[in-house]
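Below is one structure, written out as structure tokens, with a few remarks after it.
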Amino acid sequence: MLPAGSYDGTTVLITGGGTGLGRAMAVEFARLGARVGIVSRDPAHHAAGVTAVEQAVDEAAPAGRPKRAVAVGAVADVRDPEQVAAAFDAVESALGPVSVLVNNAAANFPVLAAELSPGGWRAVVDVVLTGSFLCSRELHRRHVARGARPGAILNISAAQAFTGGPGMVHSASAKAGVDAMTKTLAVEWAPDGIRVNGLVPGLFPHQDLPASLRALRERDPDQDATDARRQPAGRVGQPHELGWAATYLCSPFAGFLTGHTLVLDGGNHLRRDFVMPPVVPVAEQLRPRSL
Ligand SMILES: CCCCCCCCCCC/C=C/C(=O)SCCNC(=O)CCNC(=O)[C@H](O)C(C)(C)COP(=O)(O)OP(=O)(O)OC[C@H]1O[C@@H](n2cnc3c(N)ncnc32)[C@H](O)[C@@H]1OP(=O)(O)O
Ligand SMILES: NC(=O)C1=CN([C@@H]2O[C@H](COP(=O)(O)OP(=O)(O)OC[C@H]3O[C@@H](n4cnc5c(N)ncnc54)[C@H](OP(=O)(O)O)[C@@H]3O)[C@@H](O)[C@H]2O)C=CC1
């Protein structure tokens with residue numbers, strides 16, 4: 001854990017920060033003193049994120065300390081550059097200039113590549129890859145115009161980017177693009193004082209995931225134990241652990257680190273051997289079945 005107050009005076013914008021892992025990261029930034037802007041499509045998700053952040057900050061604050069503005073939500077579909085700019089405006093007018101951006105918003109659903117429509121491909125690639133680019137570009141534009149420094153961007157990726165993602169060709173391809181963007185922008189924007197890194201969560205189950213992804217696990221009545229057995233570390237990730245990694249990567253303690261993607265998965269993406277479990281075709285894995 002970083003020292004208390006590490007993010008005092010810093011405004012962090014997290015896309016998709018109202019649910020799941022984005023919310024967990026928002027809470028950890030706020031615990032360390034950050035003000036947090038939560039940007040996504042659904043105001044109900046913003047409300048959940050703001051409540052979680054306020055609760056965590058209240059718990060950590062000494063009794064009687066006056067309440068401060070710690071979190072706001074702003075509506076935007078990250079696929080639309082005008083909505084992205086308007087959301088930055090809204091967050092900055094409430095919380096001050098954004099110097100840390102977490103590109104966390106994502107879309108994904110299991111589908112065979114042969115059955116994926118052009119619209120389904122575009123929806124996922126546009127949210128994950130184009131959305132991360134548009135938000136990064138907005139942070140960079142504002143940061144440079146102000147002559148501010150330092151700044152940090154964190155791109156949330158997935159191990160599918162390195163291995164491919166059978167049953168999720170759209171997400172794997174988009175996340176691989178995000179990883180290439182991390183390295184490219186790290187070099188282009190280092191002279192502007194903006195670091196760009198990536199963070200890959202391994203298996204982090206939570207209830208906010210869309211039904212199509214939760215269903216992959218819920219076929220198994222003993223899902224938690226099965227998930228744990230499938231990880232070299234013997235357990236899945238806990239969302240606050242992703243927050244700990246995110247707050248480190250965007251902090252001055254990582255001030256010389258840029259263009260790096262950190263994998264937080266208990267070793268799972270390295271689990272390759274000559275002897276592997278029998279192959280089950282992806283079409284069979286995705287076929288609905290009764291238990
Ligand atoms: C941790 C436990 C789970 C274990 C499983 C393993 C997980 C591995 C993880 C891999 C790494 C990545 C993880 C993640 O990204 S998790 C984050 C997931 N979160 C979300 O996806 C939230 C947001 N998602 C959405 O809102 C929707 O899914 C969607 C992307 C579809 C929303 O976009 P949009 O509003 O534009 O959607 P539309 O309804 O207009 O649809 C657009 C086109 O997409 C087609 N579509 C939509 N859903 C499906 C589906 N389930 N199957 C096939 N096609 C689908 C839809 O038909 C549209 O296409 P057309 O225009 O051609 O009709
Ligand atoms: N959970 C896991 O095991 C893994 C997660 N990841 C990655 O972690 C990150 C967080 O995922 P997780 O928390 O699990 O999933 P969630 O489904 O909980 O989060 C996705 C978030 O993205 C937002 N979002 C989706 N589409 C848009 C859009 N068009 N514009 C703006 N915001 C959008 C959603 O908010 P709203 O609906 O309000 O727009 C939501 O808050 C993602 O990048 C994901 O790929 C990677 C590997 C594994």
Side-chain angles (χ1 to χ4, degrees), residues 13-26 38-49 73-80 83-84 87 102-132 134-135 154-176 178 198-220 223-224 226-227 230-231 236-239 241-243 245-246 263-266 268-269 285-286:
L13 189 155
I14 306 184
T15 65
T19 68
L21 305 185
R23 185 164 76 211
M25 288 188 279
I38 293 171
V39 172
S40 73
R41 298 163 300 175
D42 184 347
H45 291 161
H46 306 161
V75 173
D77 187 320
V78 294
R79 291 170 281 194
D80 179 334
Q83 291 185 37
V84 166
V102 182
N103 283 312
N104 164 79
N108 193 8
F109 48 81
V111 63
L112 295 173
E115 294 173 8
L116 176 59
S117 71
W121 167 269
R122 270 187 219 110
V124 172
V125 173
D126 283 356
V127 173
V128 173
L129 181 55
T130 308
S132 298
L134 293 176
C135 293
L154 185 63
N155 294 323
I156 307 302
S157 185
Q160 298 174 324
F162 332 130
T163 59
M168 296 176 181
V169 65
H170 43 17
S171 169
S173 306
K175 294 289 194 183
V178 166
L199 177 59
V200 166
L203 188 62
F204 280 73
H206 60 78
Q207 285 309 311
D208 291 334
L209 282 166
S212 61
L213 287 177
R214 277 186 283 120
L216 294 178
R217 304 175 65 244
E218 287 164 0
R219 289 170 181 174
D220 180 349
Q223 53 182 284
D224 292 338
T226 306
D227 282 344
R230 285 176 172 160
Q231 311 301 310
V236 297
Q238 299 179 50
E241 292 178 303
L242 200 72
V263 184
L264 192 73
D265 75 343
N268 198 40
H269 75 293
Q285 291 178 44
L286 295 184

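Note that the structure is a prediction, hence the values are computed from the model and not measured. One is the number of the first residue; the rest follow in order along the sequence. Note that ligands are numbered from 1 as they come in the structure, with each ligand's atoms numbered from 1 the same way.
- Side chain to side chain, Q83 and D80 meet the donor-acceptor criterion of an N or O pair below 3.5 Å.
- For atom 36 (O) of ligand 1, the nearest protein heavy atom (residue, atom name, distance) is R79 NH1, 2.9 Å.
- Looking at ligand 1, you'll find an N or O of N108 within less than 3.5 Å of one of its N or O atoms.
- When only non-hydrogen protein atoms are considered, atom 45 (C) of ligand 1 lies nearest to G120 CA, 3.8 Å.
- Ranking the protein heavy atoms by distance from atom 22 (C) of ligand 1 puts A106 O, 3.6 Å first.
- Nearest protein heavy-atom contact of atom 29 (C) of ligand 1 is A107 CB, 4.6 Å.
- Backbone and side-chain nitrogen or oxygen atoms of S212 are examined, and none is located within less than 3.5 angstrom of a nitrogen or oxygen of ligand 1.
- Those atoms of ligand 1 with a heavy atom of P205 less than 4.0 angstrom away are 1 (C).
- Within the 4.0 Å cut-off (strictly below), no protein heavy atom is located near atom 39 (O) of ligand 1.
- Near S117, the atoms of ligand 1 lying under 4.0 angstrom from a non-hydrogen atom of the residue are 59 (O), 60 (P), 62 (O).
- Of all atoms in ligand 2, numbered sequentially from 1 with element shown, those under 4.0 Å from a heavy atom of A105 are 22 (O), 23 (C), 24 (N), 32 (N), 33 (C).
- Those atoms of ligand 2 with a heavy atom of I156 less than 4.0 angstrom away are 7 (C), 8 (O), 9 (C), 43 (O).
- Protein heavy atom at the shortest distance from atom 25 (C) of ligand 1 is R41 NH2, 4.1 Å.
- By the definition of a contact as any protein heavy atom under 4.0 Å away, atom 56 (C) of ligand 1 is not in contact.
- Closer than 4.0 Å to atom 15 (O) of ligand 1 lies at least one heavy atom of the protein.
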